[in-house]
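Okay, so here's the structure we're looking at.
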Amino acid sequence: MSEERLRDGWYVDERCTNCDVARQLAPELIGEVDGRSAVLRQPRTQSEVRQVHAAAHACHTRSIRPAAGRLDTALDPFPLALDDTVLLCGHNSPHTAGANSYLLRRPDGTAMLVDTPRWSTSLAARYEALGPVTDVLLTHRDHAAHGRRYADRLGARLWIHEGDLDAAPDADHVLSGTDPKEIAEGVIAFPLPGHTKGSVLFVADERYCFSGDSFYWSRTTGDIEVAESVTWYSIGELAASLGRTADRLRFEWLLPGHGDRRHLPADDMAERLRRLTARTRELRPRPVDFTAVRW
């Protein structure tokens, strides 16, 4: 696969940042080779064609390319339903380090946006077409880039924690302290300083945990992990946050900004989170190293 430019099929160009998003969406077709994504084999079935198109339309650098060079917009699957309540937004933004974002549907027909995809009026129109979006929930500063624009376009309230307020100083609602807060029926914000000073995770209906960059599912370890090599504020504070919060969390879906998603029974998630809390207490500060993340 010379320079990963197979012109008779899909390839990954040199802009890839090894963010893992494409590998989440097409795990049998795209893998990690020498510290970046690469096409392992070409799609063979219609299902695999859909997978690679999902990866391409999510990639924040638009590095997943077909031989023709241009993506077929008719095969853009986003927003992509994960179940009947949560949709994956795709179209990850280079201004949020390629983070995943989600649309959370509520029983009254409204929805909430958790972090945001790249900004475009056409994407905003897709969410408008699905029904009213009442709130844009920012998990932390790294994902704040498009929050205000989406909130204004959708007529929604913008939320952030005071610890990261300088990233969204015009937020409509500012969370404070470390106590959990119910921000809408069934939706609770849990401040979790560690990855950044103002990191927050949001739990909906005791079923969905939008964890931002506080923790994620690692395919490498087959477990919930923290990105200890990419902790901007304090790994010690993250351990303290987990110690204070883990036993209060109940969820079945782990939906992070970076790293993979996972759906497991709530008791299994709770036990894994307890073990993660114990492991994180043993971690010590280290230099930031994106290459050390265990995707």
Do [X] and [Y] get their side chains close enough for a donor-acceptor pair, meaning under 3.5 Å?
X	Y	value
His60	Asn92	no
Thr245	Arg248	no
Ser47	Thr45	no

Quick one, His91 with Arg62, criterion side chain to side chain donor-acceptor pair (under 3.5 Å). Give me CA distance, side-chain angles, the key distance, then yes/no. CA-CA 9 Å; His91 295 279; Arg62 294 294 193 252; 3.0 Å; yes
Measure from the ring center of [X] to the ring center of [Y] and say whether it is less than 6.0 Å.
X	Y	result
Phe210	Tyr102	yes
His146	His95	yes
His258	His195	no

Could you see if Tyr208 belongs to whatever hydrophobic cluster contains Leu254? Use Ile, Leu, Val, Met, Phe, Trp, Tyr and a side-chain cutoff under 4.5 Å. no
Taking all non-hydrogen atoms of both residues into account, name the closest pair between Ser214 and Leu238 and its distance. O-CD2, 4.0 Å
In short, Phe251 meets Cys209 closest at the heavy-atom pair CG-CB, 3.4 Å
Mind checking whether Asp267 and Arg250 have side chains closer than 4.5 Å, heavy atoms only? yes
Between the main-chain N or O of Ala124 and the side-chain N or O of Arg153, is there a donor-acceptor pair closer than 3.5 Å? no
Between Arg36 and Cys19, is there a donor-acceptor pair closer than 3.5 Å when you use the side chain of the first and the backbone of the second? no
May I have the list of side-chain donor-acceptor pairs in residues 282-295 shorter than 3.5 Å, sequence neighbours left out?
unit_1 : atom_1 : unit_2 : atom_2 : d
Arg284 : NH1    : Arg281 : O      : 3.1
Asp289 : OD1    : Thr291 : N      : 3.0
Asp289 : OD1    : Thr291 : OG1    : 2.5
Asp289 : OD2    : Thr291 : OG1    : 3.4
Arg294 : NH2    : Glu225 : OE1    : 3.1
Trp295 : NE1    : Asn18  : O      : 3.4

Parallel, tilted or perpendicular: which describes the rings of His53 and Trp10, with under 30° parallel and over 60° perpendicular? perpendicular
Salt bridge (Lys or Arg N to Asp or Glu O under 4.0 Å) between Glu48 and Arg41, intermediate numbers included: CA-CA 10 Å; Glu48 290 182 345; Arg41 65 173 176 81; 2.6 Å; yes
Report all side-chain donor-acceptor pairs from residues 170-180 shorter than 3.5 Å, counting only partners two or more places apart or in another chain.
unit_1 : atom_1 : unit_2 : atom_2 : d
Asp172 : OD2    : Arg148 : NH1    : 3.4
Asp172 : OD2    : Arg148 : NH2    : 3.1
Asp172 : OD2    : Leu158 : N      : 2.8

